[in-house]
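Here the structure comes first, spelled out in structure tokens, and everything after it is commentary.
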Amino acid sequence: MTLLTTWPESGPGTVVRRTSDPAEIAAALKPLGVRYERWPVREEVPFDADSETVFTAYGPEIDRLTAEEGFTTVDVLGLHPGDDPDYPVRAKAARERFLREHTHDDDDEVRFFVSGSGIFYLHADGEVHAVLCEKGDLLGVPRGTTHWFDMGTRPSFTAIRFFHEEDGWIGNFTGSDIAARFPDYDTVAAGYARDEGAA
């Protein structure tokens, strides 16, 4: 399930909020202008499905959101461990690209997780909000919001990406080292797994 953890921007020593309830997550993120919603999970879609399969399965949801928000470009990005000998290099490069704090001046960052997981860290209003997204989660980060994304040391996810601009993903990096001061994907996911096992 999804998990939202909020800390003061000064560091992760104090947890301001921790919840896996979708309604609470949506309510907590709404004042930041962040869109969070759950879409139906198409269990028949393989975790490493190709773009055509994903577009066919989620066509109605894609069409609705595109009409509502005026997106001009929609694509599918997938990265999974497997037989590809280039996976370790590709995975490391992909993780490092998004792991530094940045903003987007000309577009929102909207992602729907078809499979796998990743964490969006939103740095806003003096707090850091870590949103662990899993399959079925859609997250929309408004343009200008300071954030970073961590897919872990062994990325495994397929996501639909929505863009208003045809140029796609363009990040403006802040130069801050704040991302290094907060728990990374592997730490958050491992802790959540332990908590779920104890429940």
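Fair warning: this is a prediction, and the values are worked out from it, not measured in the lab.
- Follow the hydrophobic side-chain contacts under 4.5 Å out from Leu65 and you never reach Phe113; the two are in separate clusters.
- Within 6.0 Å of CD in Glu52 there are 12 or fewer heavy atoms belonging to other residues, nucleotides or ligands.
- Taking CG of Asp105 as the start and CZ of Arg143 as the end, the distance is 9.5 Å to the nearest 0.5 Å.
- Annotation: side chain of Met151 is in contact with side chain of Phe157 (closest heavy-atom distance under 4.5 Å).
- With hydrogens and angles ignored, the 3.5 Å screen pairs no side-chain donor or acceptor of Thr145 with any backbone N or O of Val141.
- Here CG of Asp184 is found 8.0 Å from CD1 of Ile119. Values are rounded to the nearest 0.5 Å.
- In this structure the side chain of Cys133 never reaches within 4.5 angstrom of the side chain of Phe112, judged on heavy atoms.
- Between His129 and Ala124 the shortest heavy-atom distance is NE2-O, 3.9 Å.
- Residues Phe47 and Ser115 come closest through the heavy atom pair O-OG, 2.6 Å.
- At least one side-chain heavy atom of His104 sits less than 4.5 Å from a side-chain heavy atom of Glu109.
- Atom OG1 of residue Thr174 and atom CD of residue Glu101 lie 3.5 Å apart, to the nearest 0.5 angstrom.
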Could you go through the side chain to side chain contact (heavy atoms under 4.5 Å, CB included) check for Thr73 and Phe71 one step at a time? CA-CA 6 Å; Thr73 304; Phe71 294 115; over 6 Å; no
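- No side-chain heavy atom of Leu122 sits under 4.5 Å from any side-chain heavy atom of Val128.
- At a threshold of 4.5 Å between side-chain heavy atoms, the hydrophobic network of Ile, Leu, Val, Met, Phe, Trp and Tyr places Ile178 and Val15 in one connected group.
- In this structure, Arg42 forms a cation-pi arrangement with Tyr58, its terminal cationic atom sitting closer than 6.0 Å to the ring centre and no more than 45° off the ring axis.
- Using a 4.5 Å cut-off between side-chain heavy atoms of Ile, Leu, Val, Met, Phe, Trp and Tyr, with links allowed through other members, Val74 and Leu138 fall into the same hydrophobic cluster.
- Salt bridge annotation for Arg38-Glu134: absent, with no cationic side-chain nitrogen under 4.0 angstrom from a carboxylate oxygen.
- Under the 4.5 Å side-chain criterion, counting only non-hydrogen atoms from C-beta, Arg18 is in contact with Leu3.
- The shortest heavy-atom contact between Thr53 and Pro46 is CG2-CD, 4.3 Å.
- Across every non-hydrogen atom of Ser156 and His80, the tightest pair is OG-ND1, 3.0 Å.
- More than 12 heavy atoms of other residues, nucleotides or ligands sit less than 6.0 Å from atom CG of Asp177.
- Inter-residue side-chain proximity for His147 and His123 is flagged as unmet; no heavy-atom pair is nearer than 4.5 Å.
- Val41 and Val76 are not part of a single hydrophobic cluster, where members link through side-chain heavy atoms under 4.5 Å apart.
- Between Arg100 and Asp150, none of the side-chain N atoms (NZ, or NE/NH1/NH2) sits under 4.0 Å from a carboxylate O, so this pair counts as no salt bridge.
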Pair Glu37-Arg64, salt bridge (charged side-chain N to carboxylate O under 4.0 Å, His left out): steps then yes or no: CA-CA 13 Å; Glu37 59 189 51; Arg64 173 183 61 81; 3.0 Å; yes
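- Within the 4.5 Å cutoff, side-chain heavy atoms of Tyr87 are placed close to those of Leu79.
- Taking every heavy atom of both residues into account, Ala57 and Val45 meet most closely at CB-CG2, 3.4 Å.
- Under the 4.5 Å side-chain heavy-atom criterion for grouping Ile, Leu, Val, Met, Phe, Trp and Tyr, Leu77 is not connected to Val54 through any hydrophobic cluster.
- At least one donor-acceptor pair under 3.5 Å links the side chain of Thr72 to the backbone N or O of His164.
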Test log, rule salt bridge (charged side-chain N to carboxylate O under 4.0 Å, His left out), inputs Asp84 and Arg90: CA-CA 10 Å; Asp84 181 359; Arg90 289 176 52 233; 2.9 Å; yes
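- The closest side-chain donor-acceptor pair between Glu24 and Thr19 falls under 3.5 angstrom.
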Checking side chain to side chain donor-acceptor pair (under 3.5 Å) for the pair Ser117/Tyr185: CA distance, chi angles, key distance, verdict? CA-CA 9 Å; Ser117 60; Tyr185 170 91; 2.5 Å; yes
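- Between atom CZ of residue Phe182 and atom OG1 of residue Thr5 there is a gap of 11.5 Å, rounded to the nearest 0.5 Å.
- Contact check for Val16 versus Pro8: side-chain heavy atoms found under the 4.5 Å cut-off.
- The aromatic rings of Phe120 and Phe149 sit tilted, their planes meeting at an angle between 30° and 60°.
- In this structure, Trp148 and His102 approach most closely via the heavy-atom pair CA-CE1, 4.0 Å.
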Would Tyr36 and Thr2 count as a side chain to side chain contact (heavy atoms under 4.5 Å, CB included) here? Give the steps. CA-CA 11 Å; Tyr36 170 76; Thr2 314; 3.3 Å; yes
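- Distance check: Leu29 CG to Leu139 CG gives 6.5 Å after rounding to the nearest 0.5 Å.
- The backbone N or O of Val110 sits nowhere less than 3.5 Å from a side-chain atom of Asp108 that would complete a donor-acceptor pair.
- Between Trp39 and Phe162, the ring planes are perpendicular. Angles over 60° get that label, and only those under 30° would be called parallel.
- Contact check on Glu68 versus Arg35 returns a salt bridge, with a Lys/Arg side-chain nitrogen under 4.0 Å from an Asp/Glu carboxylate oxygen.
- Counted by atom type alone, Asp63 and Thr66 present zero donor-acceptor pairs between their side chains at under 3.5 Å.
- Taken from OH in Tyr121 to OG1 in Thr6, the straight-line distance is 12.0 Å, to the nearest 0.5 Å.
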I'd like to know whether Lys135 forms a salt bridge (charged side-chain N to carboxylate O under 4.0 Å, His left out) with Glu43, so could you lay out the CA-CA distance, the side-chain angles of the two residues, the decisive distance to 0.1 Å, and finally the verdict. CA-CA 10 Å; Lys135 66 179 181 180; Glu43 297 293 354; 3.4 Å; yes
Salt bridge (charged side-chain N to carboxylate O under 4.0 Å, His left out) between Arg161 and Asp107, worked out: CA-CA 12 Å; Arg161 307 190 301 172; Asp107 213 340; over 6 Å; no
